[in-house]
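Structure first, then comments.
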Amino acid sequence: MAIGKKVSPAKFLGTAAVIGGVLKGATQIYGGIQERKRLRSEQRRAAQNYRQQRRDLQNIEITNPYANIQTEFENPYEDLTINQQQAQFESQQAAQSRANILGSLQGAAGGSGIAGLAQAIANRATADRARASASIGQQEARNQALAAQGASQVQAREAAAERQIAAGEASREANEAERQRDLIQLRAGFQADQRAMRQQRGEAFQQIVGGIGTLGSTALTGFQEGFFTDNPNRGGSKVE
């Protein structure tokens with residue numbers, strides 16, 4: 001301040017207003033720049049997190065745990081055979097027994113009794129064959145019953161395996177559908193966040209523009225008021 005001059009209050013008020021305007025504009029610009037930097041960094045982190053979460057979801061192995069289980073089974077009773085050796089042995093034993101009886105009774109029966117004895121032996125042979133046939137029939141009936149039982153068990157096991165496969169496939173499809181929903185929701189959330197941050201970056205840019213405008217208007221006001229020029233008459237008057 002020059003000696004011999006007094007400074008009017010208007011000069012101090014104007015200077016304070018100019019300084020305040022400069023500080024305000026600079027603060028707006030700095031804050032807007034820092035906010036845009038922060039938002040860019042946050043956008044990069046969000047993009048990295050999104051890509052990682054998407055890869056994690058896509059890499060989950062979703063399979064049917066029962067896809068490769070056994071579905072065909074064999075009937076253990078299908079090829080059962082008849083034990084003919086026992087029947088043959090019994091037949092041989094019966095024939096030998098008849099021969100022994102015939103030999104021992106031939107002498108005692110005499111000529112007249114031979115025919116009756118032969119008939120008796122023939123009847124016994126018929127009964128022995130019937131008994132052997134009945135034994136074979138019993139074996140065949142038993143084998144058929146076991147084969148039917150085995151076939152029923154095979155059908156039941158195959159049906160159970162098919163149900164397991166179907167249930168596993170339904171579970172796989174449900175899990176895959178859930179994964180697709182998660183991917184869609186993840187992408188939608190990421191896009192919404194990106195839009196919000198772009199809007200915030202735009203607001204920060206407008207803050208920078210506002211700060212520049214504040215500096216410009218402050219500078220214009222300062223020049224108009226003579227605060228940035230050497231004007232001895234600005235803001236006051238000479239001392240007479």
Side-chain angles (χ1 to χ4, degrees), residues 9-73 156-229 235:
K11 177 181 179 181
F12 287 106
L13 293 175
T15 302
V18 169
I19 293 174
V22 171
L23 291 176
K24 179 181 178 181
T27 301
Q28 287 177 307
I29 294 171
Y30 179 79
I33 291 173
Q34 293 301 113
E35 180 65 6
R36 283 177 63 83
K37 286 182 178 179
R38 184 190 70 80
L39 289 169
R40 279 197 298 269
S41 177
E42 187 173 342
Q43 280 184 296
R44 285 194 295 268
R45 286 195 300 271
Q48 291 173 353
N49 290 336
Y50 164 72
R51 287 192 292 268
Q52 182 61 51
Q53 292 178 20
R54 184 181 61 185
R55 282 194 298 268
D56 291 342
L57 279 172
Q58 291 173 338
N59 291 335
I60 294 175
E61 186 177 1
I62 299 177
T63 60
N64 182 348
Y66 306 110
N68 298 319
I69 65 172
Q70 183 180 354
T71 57
E72 295 183 359
F73 302 90
R157 294 178 68 183
E158 289 178 348
E162 292 295 336
R163 286 194 298 270
Q164 279 187 309
I165 293 174
E169 183 61 20
S171 176
R172 186 198 67 78
E173 292 176 355
N175 290 334
E176 182 61 38
E178 182 178 1
R179 170 163 61 185
Q180 295 304 318
R181 287 193 298 270
D182 290 343
L183 286 170
I184 291 172
Q185 291 175 358
L186 179 65
R187 181 174 179 81
F190 170 70
Q191 291 176 338
D193 290 342
Q194 291 294 301
R195 285 194 297 269
M197 282 188 281
R198 282 195 296 269
Q199 182 178 355
Q200 292 174 14
R201 287 184 63 187
E203 294 171 355
F205 179 74
Q206 292 301 320
Q207 182 179 343
I208 295 172
V209 172
I212 295 173
T214 300
L215 287 178
S217 62
T218 300
L220 179 61
T221 301
F223 276 113
Q224 289 175 345
E225 296 294 332
F227 292 112
F228 300 110
T229 61

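It should be emphasised that the depicted structure is a prediction, and the values quoted were computed from it without experimental measurement.
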**Request:** Enter the distance from Q52:CD to L57:CG here, rounded to the nearest 0.5 Å.
**Result:** 10.5 Å
**Prompt:** With distance as the sole test, does R179 use its side chain to make a donor-acceptor pair with the main-chain N or O of I60 at under 3.5 Å?
**Reply:** yes
**Sidechain-backbone polar pair: S171 side chain, A167 backbone, donor-acceptor under 3.5 Å** = no
**Message:** For the CD atom on Q70, are there more than 12 heavy atoms of other groups (residues, nucleotides or ligands in this structure) within a distance under 6.0 Å?
**Reply:** yes
**Item:** Atom pair CG (D182) and CZ (R54), whose distance is rounded to the nearest 0.5 Å
**Value:** 14.5 Å
**Prompt:** Just by modelled atom types, is the T63 backbone N or O under 3.5 Å from a matching donor or acceptor in the R172 side chain?
**Reply:** no
**Item:** Approximate separation, where rounding is to 0.5 Å, of E173 CD and N64 CG
**Value:** 9.0 Å
**Item:** Option among I208, T214, I33 that satisfies the side-chain contact (heavy atoms from CB on, under 4.5 Å) test with Q28
**Value:** T214
**Asked** Just how far is it from atom CD1 of I212 to atom CD of Q207, taken to the nearest 0.5 Å?
**Response** 11.5 Å
**Asked** If you measure from OH on Y50 to CZ on R187, what distance do you get to the nearest 0.5 Å?
**Response** 4.5 Å
**Message:** Let me confirm one number: the CE-CZ distance from M197 to R36, rounded to the nearest 0.5 Å.
**Reply:** 13.5 Å
**Asked** Taking the side chain from S41 and the backbone from K37, do they hold a donor-acceptor pair closer than 3.5 Å?
**Response** no
